[in-house]
Amino acid sequence: MTVQHPDLGNGPVLFISDLHLSSAQPALITFFRHFCAHEGREARAVFILGDLFDYWVHRDQAAEAPYAEILALLRELHRRGTTVYLMAGNRDFALEATFLAQFGIIALPDPALLQLGGQRVLLTHGDLLCSDDHRYQRFRRVIRHPLTRLTLGRLPYAWLQRIARGLRRGSSREVRAKAPAMTDANPQAVVAALRGEGAFALDGAPYDLLIHGHTHRPAWEQGSEGERMVLGAWDADGARIGRWEHGQWSLQRLDPP
């Protein structure tokens with residue numbers, strides 16, 4: 001998919017990911033509230049590249065704190081003229097386009113192509129790039145299969161919450177036990193993505209720049225096939241977000257209030 005967006009002028013356009021917002025981290029809710037009131041409000045567009053929420057299993061969450069406030073903040077950004085795009089991540093892949101549209105949020109598939117400042121920019125959450133983790137890739141294919149999604153969608157909300165909490169605990173244990181290289185983007189997968197191969201084959205390939213999160217290893221790299229910007233996870237110490245303004249790219253540090 002190529003992102004269809006209004007004229008973004010000279011920006012700023014912001015790229016964020018891996019916020020993992022939940023009631024368990026009130027400081028991050030305050031951080032995000034501050035972002036929406038300042039950087040977000042000043043931006044022409046904000047691209048959220050996955051894992052806005054620590055987990056999302058059902059639209060009934062929208063009636064609960066802090067999810068109701070987070071969605072209201074994004075709707076207010078939309079109302080004030082900031083275009084908000086959201087790509088589901090591995091934590092919140094159950095978010096649906098029709099649901100997000102109620103809040104003025106435009107859902108993005110993974111991957112998606114953005115034409116910005118004369119450059120072809122490939123956007124992806126980043127978990128597809130971790131190709132060395134074969135166990136996770138198998139799980140990803142199963143959990144995102146339409147039949148699995150249909151089956152899970154018929155379960156009571158309380159059951160889905162318990163399943164999600166169990167998966168999160170298991171995932172945390174597995175990540176701690178894995179070698180660091182396994183949970184990072186595979187260099188060959190990065191090259192394949194910039195070339196537009198495999199899952200990243202979209203009209204407009206090859207690409208000039210790849211932007212992703214997921215790995216929690218912020219970086220700005222120049223490779224033989226193009227550039228790569230890795231967004232950082234949000235925590236109590238701050239975040240690393242992507243910024244495009246007046247044709248210039250930067251990986252910007254964002255400090256909490």
Side-chain angles (χ1 to χ4, degrees), residues 1 3 14-22 25 28 31-32 46-57 85-95 107-114 121-144 164 167-194 197-200 202 207 209-221 223 226-235 237-243 251-254:
M1 171 186 174
V3 178
L14 305 180
F15 301 83
I16 64 177
S17 73
D18 300 286
L19 289 78
H20 306 301
L21 300 177
S22 75
Q25 296 280 356
L28 289 184
F31 193 178
F32 183 67
V46 174
F47 287 82
I48 305 170
L49 300 187
D51 289 356
L52 170 66
F53 300 112
D54 194 48
Y55 75 90
W56 184 273
V57 294
Y85 298 90
L86 189 147
M87 177 183 291
N90 57 296
R91 304 278 189 94
D92 50 17
F93 66 89
L95 286 165
L108 289 178
D110 186 0
L113 174 62
L114 172 66
V121 183
L122 180 66
L123 307 176
T124 184
H125 173 55
D127 54 341
L128 281 170
L129 298 167
C130 299
S131 55
D132 289 337
D133 193 344
H134 303 297
R135 180 182 173 89
Y136 170 75
Q137 295 300 333
R138 286 194 297 271
F139 171 77
R140 188 185 192 279
R141 288 192 293 271
V142 170
I143 200 68
R144 297 198 183 208
L167 289 174
R168 286 292 303 114
R169 288 192 296 268
S171 174
S172 297
R173 288 194 299 269
E174 284 202 12
V175 168
R176 289 194 296 269
K178 289 173 181 175
M182 187 176 291
T183 58
D184 201 358
N186 177 287
Q188 293 177 327
V190 170
V191 170
L194 283 164
E197 298 173 354
F200 303 98
L202 303 173
Y207 316 111
L209 171 64
L210 167 64
I211 302 179
H212 71 87
H214 180 68
T215 64
H216 302 184
R217 297 172 172 93
W220 177 253
E221 300 175 348
E227 295 177 290
R228 178 170 75 119
M229 178 185 289
V230 187
L231 308 174
W234 291 41
D235 58 31
D237 295 326
R240 298 294 294 277
I241 70 172
R243 185 183 186 97
L251 186 61
Q252 173 185 351
R253 178 173 178 80
L254 194 65

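As a basis for the values below, the full set of heavy atoms in this structure was taken, side chains included, without hydrogen atoms, waters or symmetry mates.
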Review point. Mind checking what makes ring-ring contact (aromatic ring centres under 6.0 Å, His included) contact with His212, not counting sequence neighbours?
Key: none
Review point. Asp51 and side chain to side chain contact (heavy atoms under 4.5 Å, CB included): which partner among Leu21, Ile16, Asp92?
Key: Asp92
Check your understanding: What pair of heavy atoms forms the shortest contact from Ser22 to Asp54, and how long is it?
Key -> CB-CB, 3.9 Å
Exercise for review: Can you measure from OH (Tyr136) to CD1 (Ile143) and round to the nearest 0.5 angstrom?
Suggested key: 10.0 Å
Study note, to complete from the structure: Closest heavy-atom pair, Ala185 versus Thr215, reported as atoms and distance to 0.1 Å, is N-CG2, 3.9 Å
Exercise for review: To the nearest 0.5 angstrom, please state how far the OG atom of Ser17 sits from the NE2 atom of His214.
Suggested key: 10.0 Å
Exercise for review: Taking side chain to side chain donor-acceptor pair (under 3.5 Å) as the test, write out the residues that go with Gln252, two or more places apart.
Suggested key: Arg243
Check your understanding: Side chains of Leu19 and Phe31: closer than 4.5 Å at any heavy-atom pair?
Key -> no
Review point. Rounded to the nearest 0.5 Å, how far apart are CG of Leu49 and CG of Leu108?
Key: 7.5 Å
Check your understanding: Taking all atoms of both residues into account, what is the closest heavy-atom pair of Leu251 and Gly242, and its distance?
Key -> CD1-N, 4.4 Å
Revision key, fill the gap. Residue set satisfying side-chain contact (heavy atoms from CB on, under 4.5 Å) with His216, at least two apart, ordered chain then number -> Asp18, His20, Ala233
Check your understanding: Ile241 versus Trp234: any side-chain heavy-atom pair under 4.5 Å?
Key -> yes
**Study point:** By salt bridge (charged side-chain N to carboxylate O under 4.0 Å, His left out) - contacts of Arg253 (at least two apart)
**Key:** Asp255
Review point. Counting only heavy atoms not in Glu197, do more than 12 sit closer than 6.0 Å to its CD atom?
Key: yes
Review point. Taking atom CG of Leu95 and atom CE of Met87, what is their separation to the nearest 0.5 Å?
Key: 13.0 Å
Check your understanding: Mind checking what makes side-chain contact (heavy atoms from CB on, under 4.5 Å) contact with Gln137, not counting sequence neighbours?
Key -> Leu128, Cys130, Arg140, Arg141
Review point. Who are the ring-ring contact (aromatic ring centres under 6.0 Å, His included) partners of Tyr207, not counting sequence neighbours?
Key: none
Revision key, fill the gap. Taken to the nearest 0.5 Å, the spacing of Leu113 CG from Thr124 OG1 works out to 12.0 Å
Check your understanding: Once you round to the nearest 0.5 Å, how far does CG of Asp127 lie from CZ of Arg91?
Key -> 11.0 Å
Review point. For the residue pair Phe15 and Phe47, does the interplanar ring angle fall in the parallel (under 30°), tilted (30 to 60°) or perpendicular (over 60°) class?
Key: parallel
Point to revise | For Ala189, side-chain contact (heavy atoms from CB on, under 4.5 Å) partners two or more places apart | key: Leu129, Ser131, Asn186
Practice item. Only counting residues at least two apart or in another chain, list the ones meeting ring-ring contact (aromatic ring centres under 6.0 Å, His included) with Phe53. Key: Trp56, Tyr67
Check your understanding: Should Asp110 and Phe93 count as side-chain neighbours, where that means a heavy-atom distance under 4.5 Å?
Key -> no
